[in-house]
Student: 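Sharing a structure, written as structure tokens. Questions coming.
A, B, ... follow the sequence lines: proteins, then strands. Residue 1 opens every chain.
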2 protein chains.
Amino acid sequence: MANEATSVGPPWFDAWRGIIFANAKVFREVERKLEEHSGISLAFLDALSRLYDAPGGRLRMQDLQARSLFTHSGMTRVVDRIEAVGLVRRESVPGDRRGVSVLITEKGKRLYEESIVRHQVDIEEAFARRLTPAQHKAVADALSQFWQG
Amino acid sequence: MANEATSVGPPWFDAWRGIIFANAKVFREVERKLEEHSGISLAFLDALSRLYDAPGGRLRMQDLQARSLFTHSGMTRVVDRIEAVGLVRRESVPGDRRGVSVLITEKGKRLYEESIVRHQVDIEEAFARRLTPAQHKAVADALSQFWQG
DNA sequence: GGGCGAATATTGTCACAGCAAATACTGTCC
DNA sequence: GGACAGTATTTGCTGTGACAATATTCGCCC
């Protein structure tokens, strides 16, 4: 009647399905909480994080793009919105008038420092707490190749 | 200078980051390929899959929603679009005039059978091939809790 | 059997990601 | 030194997911 093969699937199927569901569920939950307690989206927090960690709190658009999950065109708009609420500021790049660098403001730093702490608690509740330390390591080892390089 | 703590992060951080990136990268790549060779989105394939495996090739909207990654409101529109290209058909539920059940058409079955084979190859290339069998199992074991229940 | 809260599905509206085209500038080739 | 290919970023457009509000029907309770 139904298709047994697709119900059970190849040996890697459960791994893939686990990733999809874990991502979807945890992502949705922590984003909702982040919005609640800090008033920003995960895209904002992600960008702020890259800038906060960058030397001088400053990064060019293309570097910001390369480090994030958003594509090329997406980043322009993300920065538009973060800039509109005063968490970052655009500056021209000396020596290359095509370039734009993005600088995190003091307000942005303060917000980042506050929200990242709560955000980590959120991820711990929605994700980390449900796995053993050995499982954390196993998953990290298996998947690190996807963000390294 | 930069914040060491957030660069390195808590012990589970790499596991979580791995999930996000693996999901984003693999998802994007296989969706692009699916669109190319079969002309449908992953949302379509997912819905077709649930219907194909359901007894009678038929499922109520709410059951379809519950089994998918898309929320409530999304499913109405997904079915709208799949129906528009003739892969599924809406039917009224006998005995409950609020209800709508969705039925996969012959055309839908054929397309599903063809595209799922290619899709599995795509996932194998983008994901499965990069992990060892032991890693598949480890990831599946750690993350199965997110889709079971 | 009429009223009322719950369930089912759809629709309105908004925000945002993705892609391609446009814009602005750089460096180089001849 | 002017044309031209390449680079950096933005903008226009479209599709689609999220959420709230709506319409319709059901089950129940009195």
Side-chain angles (χ1 to χ4, degrees), chain A residues 20-21 23-36 39-47 51 58-85 88-103, chain B residues 20-21 23-25 27-36 39-47 50-51 58-85 88-103:
Chain A
I20 296 181
F21 274 77
N23 182 78
K25 293 200 172 180
V26 178
F27 207 97
R28 203 166 292 181
E29 187 174 341
V30 298
E31 173 136 53
R32 184 181 51 72
K33 287 189 179 174
L34 179 65
E35 200 84 49
E36 271 175 22
I40 59 174
S41 66
L42 259 174
F44 277 32
L45 187 69
D46 185 52
L51 293 171
R58 183 193 319 270
L59 232 38
R60 291 193 58 161
M61 286 297 292
Q62 54 181 358
D63 296 322
L64 203 46
Q65 286 156 9
R67 282 166 179 71
S68 98
L69 288 172
F70 297 92
T71 68
H72 205 79
S73 58
M75 190 49 77
T76 295
R77 259 103 178 196
V78 170
V79 172
D80 283 351
R81 281 175 264 141
I82 312 182
E83 191 174 24
V85 292
V88 302
R89 199 169 59 233
R90 264 183 247 243
E91 287 185 348
S92 55
V93 175
D96 186 347
R97 276 187 292 185
R98 294 168 304 182
V100 173
S101 72
V102 186
L103 171 69
Chain B
I20 296 181
F21 273 77
N23 181 79
K25 293 200 170 180
F27 208 96
R28 205 167 291 181
E29 187 174 340
V30 299
E31 173 135 54
R32 185 181 51 74
K33 287 188 179 175
L34 179 65
E35 200 85 47
E36 270 175 24
I40 58 174
S41 68
L42 259 173
F44 277 33
L45 186 70
D46 186 51
R50 313 306 163 128
L51 293 171
R58 183 193 319 270
L59 231 39
R60 293 192 57 161
M61 286 298 292
Q62 55 181 358
D63 296 321
L64 203 46
Q65 286 157 9
R67 281 167 180 70
S68 98
L69 288 173
F70 299 91
T71 69
H72 201 80
S73 58
M75 192 49 78
T76 295
R77 259 105 178 193
V78 170
V79 172
D80 284 350
R81 283 177 263 142
I82 312 182
E83 192 175 22
V85 292
V88 303
R89 198 169 59 234
R90 265 183 247 242
E91 287 185 347
S92 55
V93 175
D96 188 347
R97 278 188 290 187
R98 294 168 303 179
V100 172
S101 72
V102 186
L103 172 69

Student: Of all heavy-atom pairs between A/Leu64 and A/Val79, which one has the smallest distance, and what is that distance?
Tutor: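 Result for this residue pair: CD2-CG2, 4.0 Å.
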Student: At their closest point, which heavy atom of A/Leu59 faces which heavy atom of A/Leu51, and how far apart are they?
Tutor: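 Minimum heavy-atom separation between A/Leu59 and A/Leu51: CB-CD2, 3.5 Å.
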Student: Bend angle of the helix from C/dG1-D/dC30 to C/dC30-D/dG1 from five-pair axes at both ends, rounded to 10°?
Tutor: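 Nearest ten degrees gives 0° for this helix.
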Student: Which residue pairs pass the salt bridge (charged side-chain N to carboxylate O under 4.0 Å, His left out) test when at least one of the two sits in residues 88-97 of chain A, sequence neighbours left out?
Tutor: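 Qualifying pairs: A/Arg58-A/Glu91, A/Arg60-A/Asp96, A/Asp80-A/Arg90, A/Glu83-A/Arg90, A/Arg89-A/Glu91, A/Asp96-A/Arg98.
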Student: For a quick test of reading the model, state the closest non-hydrogen atom pair linking A/Ser101 to A/Val93 and the distance between them.
Tutor: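 A/Ser101 and A/Val93 have their closest heavy atoms at N-CG2, 3.7 Å.
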Student: Can you tabulate the close N/O pairs, meaning under 3.5 Å, that link protein atoms to atoms of nucleotides 15-20 of chain D?
Tutor:
unit_1 : atom_1 : unit_2  : atom_2 : d
D/dT16 : O5'    : B/Arg81 : NH1    : 3.3
D/dG17 : OP2    : B/Arg81 : NH2    : 2.9
D/dA18 : OP1    : A/Arg28 : NH2    : 3.3
D/dA18 : OP2    : B/Thr71 : OG1    : 3.2
D/dC19 : N4     : B/Ser73 : OG     : 3.2

Student: Could I get the full list of side chain to side chain contact (heavy atoms under 4.5 Å, CB included) partners for B/Ser41, not counting sequence neighbours?
Tutor: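 Partners of B/Ser41 by the side chain to side chain contact (heavy atoms under 4.5 Å, CB included) criterion, ordered by chain and then number, come out as B/Glu31, B/Glu35, B/Ala43, B/Phe44.
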Student: In Å, rounded to the nearest 0.5 Å, how long is the span from CD1 of B/Ile20 to CZ of A/Phe27?
Tutor: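 Answer for the CD1-CZ pair, B/Ile20 versus A/Phe27, is 6.0 Å.
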Student: Reading DNA chain C from 5' to 3', where do the contacts with chain A start and stop? Cut-off is 4.0 Å to heavy atoms.
Tutor: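 Answer, 5' to 3': C/dC16 to C/dT26.
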Student: Under 3.5 Å, which N/O atoms of the protein pair with N/O atoms of nucleotides 26-29 of chain D?
Tutor:
unit_1 : atom_1 : unit_2  : atom_2 : d
D/dC26 : OP1    : B/Arg97 : N      : 2.9

Student: Between A/Leu64 (CG) and D/dT9 (C1'), how many Å, whole number?
Tutor: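 These atoms are roughly 13 Å apart.
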Student: Can you name the side chain to side chain donor-acceptor pair (under 3.5 Å) partners of B/Asp46, sequence neighbours left out?
Tutor: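 B/Asp46 satisfies side chain to side chain donor-acceptor pair (under 3.5 Å) with B/Arg50 only.
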Student: Can you see which heavy atom on A/Thr71 is nearest to which on B/Arg28, and at what distance?
Tutor: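 In this case the closest contact between A/Thr71 and B/Arg28 is CG2-NH1, 3.3 Å.
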Student: Could you list the residues that satisfy side chain to side chain contact (heavy atoms under 4.5 Å, CB included) with A/Arg32, not counting sequence neighbours?
Tutor: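 Only A/Glu29, A/Glu36 meet the side chain to side chain contact (heavy atoms under 4.5 Å, CB included) criterion with A/Arg32.
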